[in-house]
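Basis for what follows: all heavy atoms, side chains included, without hydrogens, waters or symmetry-related copies. What you see is a predicted model, and the numbers here were worked out from it, not measured in a lab.
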Amino acid sequence: MGVARQASSEGAGAAAGPGLEAVGQVLRSVPERLGAHLGGVYLLSEDRQALELAMTLGAARQFTRPWQHIGVTAPIPVADAVRGGRTVWVGGAEELARRYPRVAVAMPYAFCLAAVPLVARGTTYGALFVLWPAAHAPELSARERGALDAIAGRLAQVLAGAEGAGRPVRAGPRPAVAERRQGEPVAAMAARLPEGVFALDLDGRLAAVTPAAAELLGEPADRLLGRRPWAVLPWLRDPVYEYHCRSAVISGQSAAFVAVRPPDRRLSFELFPDATGLTVRIAPAAPVAPLTALAGARRERSAGTPADRAVHTRPGALYHLLHLASALTEAISVQDVVTMVAEQIVPAFGGRAVAVLLAEGGRLRIAGHRGYPPGLVDQFDGTPLTEPTPGVRASTHAVPAYFESRAELERLYPGRHETQDGMSAWAYLPLVTSRRLIGTCVLAFAEPHRFDLEERAVLTSLGGLIAQALDRARLYDTKLGLAHGLQESLLPGALPAIPGLEVCARYLPCTEGMDVGGDFYDLIRAGPDSVAVVIGDVQGHNVNAAALMGQVRTAVRAFTSADADPSTVLCRTNRLLVDLDTALLASCAYLRIDLARREAGLADAGHPVPLLCGPDGRAEVLEPDIGMVLNVDPAAEYPQIPVPLPVGTTLVLYTDGLVDTPGADPDRALAGLVATLARRGGEPLERLADALIDRAGHGEHRTDDVALLLIRSVPR
């Protein structure tokens with residue numbers, strides 16, 4: 001008797017076109033030239049916003065399905081390789097967990113990986129990825145790196161040539177497979193073995209079964225061929241067995257496990273992987289102690305029980321849940337959530353567009369959308385929740401709706417505008433959090449799309465994750481708006497125009513957290529020929545700090561109107577804070593400028609010292625006698641120093657957020673500001689303000705509020 005074999009059609013996709021066939025020829029050289037066991041080629045989509053898996057080598061579709069469509073911004077090695085234009089190497093499981101934690105959670109296997117961009121003639125076409133067994137050295141050798149670059153270069157040339165010939169290579173609806181053929185003598189040899197042997201293809205299906213293996217498995221070979229073991233054999237349906245098979249294929253290392261075939265026959269399985277699949281050796285296992293056997297028997301389920309018919313979620317399907325859950329922990333605002341879904345989830349399911357609709361005030365409101373033409377989604381903003389639309393239905397009933405074609409949607413909702421969005425399939429996912437329906441997430445597809453049971457289950461679960469993230473984000477946005485509104489109300493809306501002075505002010509709130517700060521500044525007319533300039537910082541980042549900041553600013557204005565000099569203003573403000581019985585401290589710098597004499601008096605209460613750039617371009621740090629911060633000593637004194645301000649002089653006042661960065665040396669930061677002021681002090685104040693903020697590295701990321709006030713003496 002010979003080995004029963006199942007003909008494979010999985011590799012037919014490799015011949016889908018001459019371009020893909022040439023890609024397959026190059027890809028098939030990977031195992032021989034690199035000693036790797038898995039690989040594949042991603043191609044950039046036509047809009048260059050996604051990577052689409054075009055061909056695989058040694059990778060099952062069940063393994064690659066979650067990664068078939070990837071957003072270019074996704075935090076995974078192949079996307080990093082394309083964005084950075086360089087080879088990305090991951091030398092093992094620990095490095096994967098450190099650099100790509102989301103991937104590591106979904107792929108808890110041992111392997112090494114390289115991702116190489118495919119670039120030719122200055123154009124990036126996609127990326128090549130290659131996997132080695134975990135036993136590989138933690139670094140690529142020079143020979144391997146050279147071979148890897150050569151293979152990537154050859155692939156890029158093939159893609160560029162196809163594009164130049166007017167036949168660009170595109171990924172198909174499912175990845176093609178670059179198969180390596182095996183000879184029939186091997187099958188004959190396996191049939192002679194006394195122990196059972198069977199083969200699993202890259203899709204996890206039984207491709208060959210020896211008579212001894214069929215006997216041990218308890219099913220005839222013709223019933224086994226072409227099916228997955230855990231689908232046809234109820235006693236192998238524990239996901240742990242499929243995990244062992246996946247682990248062997250992905251890591252390239254042999255594995256083993258023991259399973260109990262009812263009623264009590266223990267069988268050992270040894271798995272030996274290569275680039276074409278798994279060879280499995282099956283044999284009777286040694287008996288175990290009664291207690292262990294009983295525990296194993298309890299795990300068994302006989303055919304026909306309800307548990308037996310349960311749907312077992314494939315590990316690949318869990319990737320989307322784990323990936324989005326991890327990504328959404330980084331989302332702060334509602335727009336962050338929309339961006340995460342658009343960039344991480346829509347490409348993974350092959351979608352074209354996404355819209356998030358929230359139910360507010362009896363109407364649907366557009367929270368955000370991606371992938372639709374401009375203005376199209378806006379027409380649905382404000383739709384009453386009484387309208388018979390799929391969006392309203394999903395926002396008022398906690399039941400998802402899936403429309404696999406335009407005809408299916410039009411049959412249930414004839415004449416609705418939703419069918420005119422240019423899409424051909426839709427998933428409407430209710431957003432439910434804390435038992436409340438807050439809206440719906442619409443995932444749209446450019447082509448008709450079949451939603452199988454597994455995909456529907458995953459999408460429904462994703463809707464719950466999106467809802468929780470949106471609920472948190474809406475609360476954050478609300479609190480952030482209130483906090484910033486309070487802070488902005490306490491700062492001057494516009495500084496007065498003063499003849500003889502040019503003024504430029506910037507206020508940049510902290511980008512971490514949502515609390516308000518106590519930084520403030522003001523420009524106050526003190527008389528026909530005098531003006532007061534104040535900048536300060538109240539300790540803390542909360543409502544109390546903002547409220548105290550408002551009191552300090554009001555007090556300074558009141559004492560200025562009494563025609564007090566800088567020393568007196570700070571002394572009186574200090575005593576006021578002490579009388580308020582608050583524990584918060586405040587720093588402050590105060591100048592009284594005499595416009596007629598072109599001179600100022602400066603007093604400083606523990607505040608960062610101002611900078612000055614003279615008409616000759618020489619920049620320096622002013623050195624006043626710095627007094628105690630406010631609200632420490634009620635008897636503190638604040639001496640003042642004269643500061644000449646001839647025409648062309650620029651004063652720079654700022655809060656410590658401009659120079660104090662965690663891990664940085666404030667003295668070096670201050671020296672850098674002085675150097676920038678000396679180099680660019682003669683530029684317009686708006687450009688100078690940009691230069692100072694950029695030099696301090698505060699353009700996007702700030703751990704503290706930043707207030708900056710520039711004053712320039714000009715002819716009256």
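In this structure, the side chains of P390 and L409 come closer than 4.5 Å at one or more pairs of heavy atoms. Within the 4.5 Å cutoff, the side chain of L148 has heavy atoms near those of the L128 side chain. Two residues are said to be in side-chain contact when any heavy atoms from C-beta on lie closer than 4.5 Å; L271 and C245 meet this criterion. The shortest side-chain heavy-atom distance between E144 and R33 does not fall under the 4.5 Å cut-off. With a 4.5 Å cut-off on side-chain heavy atoms, S405 and S424 do not count as touching. No side-chain heavy atom of C441 sits under 4.5 Å from any side-chain heavy atom of L470. Counting heavy atoms from C-beta outward, L38 and L57 have side chains that stay 4.5 Å or more apart. Contact of the H369 side chain with the I366 side chain is registered, since non-hydrogen atoms from C-beta on lie closer than 4.5 Å.
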Using the side-chain contact (heavy atoms from CB on, under 4.5 Å) rule, take L34 and I151 through it: C-alpha gap first, then chi angles, then the decisive distance, then the call.
CA-CA 10 Å; L34 291 172; I151 292 172; 3.9 Å; yes
Could you please spell out the steps behind the side-chain contact (heavy atoms from CB on, under 4.5 Å) verdict for L233 and L224?
CA-CA 9 Å; L233 301 172; L224 295 171; 4.2 Å; yes
For the pair L206 and R227, evaluate side-chain contact (heavy atoms from CB on, under 4.5 Å) and give the outcome as yes or no after the intermediate values.
CA-CA 6 Å; L206 286 149; R227 304 182 69 182; 5.5 Å; no
When you look at L27 and V30, which way does the side-chain contact (heavy atoms from CB on, under 4.5 Å) test go after all the steps?
CA-CA 6 Å; L27 194 58; V30 164; 4.0 Å; yes
Given F403 and F445, is the ring-ring contact (aromatic ring centres under 6.0 Å, His included) satisfied, shown in steps?
CA-CA 10 Å; F403 303 97; F445 298 78; over 10 Å; no
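A donor-acceptor distance shorter than 3.5 angstrom exists from the side chain of T210 to the backbone of V197, with no hydrogens or angles considered. Between the R352 side chain and the M423 main chain, no donor and acceptor come within less than 3.5 Å of each other. With hydrogens and angles ignored, the 3.5 Å screen pairs no side-chain donor or acceptor of T279 with any backbone N or O of A199. Between the side chain of H37 and the backbone N or O of V249, at least one donor-acceptor pair lies under 3.5 Å. With hydrogens and angles disregarded, a donor-acceptor distance shorter than 3.5 Å links the side chain of Q335 to the backbone of A367.
Nearest heavy-atom pair across A36 and L131 is CB-O, 3.2 Å. For the pair G204 and R228, the tightest heavy-atom approach, listed with the atom from each and the gap, is O-CG, 3.3 Å. In this structure, H449 and A425 approach most closely via the heavy-atom pair N-CB, 3.6 Å. When every heavy atom of W132 is checked against every heavy atom of G35, the shortest pair comes out as CD1-O, 3.8 Å. The minimum heavy-atom distance between L216 and G196, with the atom names listed, is CD1-N, 4.1 Å. Counting all heavy atoms, side chain and backbone alike, P138 lies closest to W89 at O-NE1, 2.7 Å.
The structure places CD of E21 at 8.5 Å from CE of M55, a figure rounded to the nearest 0.5 Å. Note that CG of L443 is 8.5 Å distant from CD1 of I466, once rounded to the nearest 0.5 Å. With rounding to the nearest 0.5 angstrom, the CD1 atom of I282 is 7.5 Å from the OG atom of S268. Separation of atoms CG (L155) and OH (Y125) is listed at 12.5 Å; rounding is to 0.5 Å. Taken to the nearest 0.5 Å, the CD atom of Q157 stands 11.0 Å off from the CG atom of L118. Separating the CG atom in L278 from the CZ atom in F269 is a distance of 12.5 Å, to the nearest 0.5 Å.
The 12-atom threshold is not exceeded at CD of E94, counting heavy atoms of other residues, nucleotides or ligands nearer than 6.0 Å.
Across L53, L159, L51, V23, a single residue satisfies side chain to side chain contact (heavy atoms under 4.5 Å, CB included) together with L43, and that is L159. Screening R411, R456, R450 for a salt bridge (charged side-chain N to carboxylate O under 4.0 Å, His left out) involving E404 leaves a single residue, R456.
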Identify every side-chain donor-acceptor pair in residues 73-88 under 3.5 Å, counting partners at least two apart or on other chains, and give the distances.
unit_1	atom_1	unit_2	atom_2	d
T73	OG1	E343	OE1	2.8
D80	OD1	R83	NH2	2.1
D80	OD2	Y100	OH	2.8
R83	NH1	V72	O	2.6
R83	NH1	A74	O	3.1

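A donor and an acceptor atom, one from each side chain of E408 and Y402, are nowhere located under 3.5 Å apart.
W235 and W230 have their aromatic ring centers separated by at least 6.0 angstrom.
Under the rule for a side-chain hydrogen bond (donor to acceptor under 3.5 Å, both in side chains), E139 has no partner lying at least two apart in sequence or in another chain.
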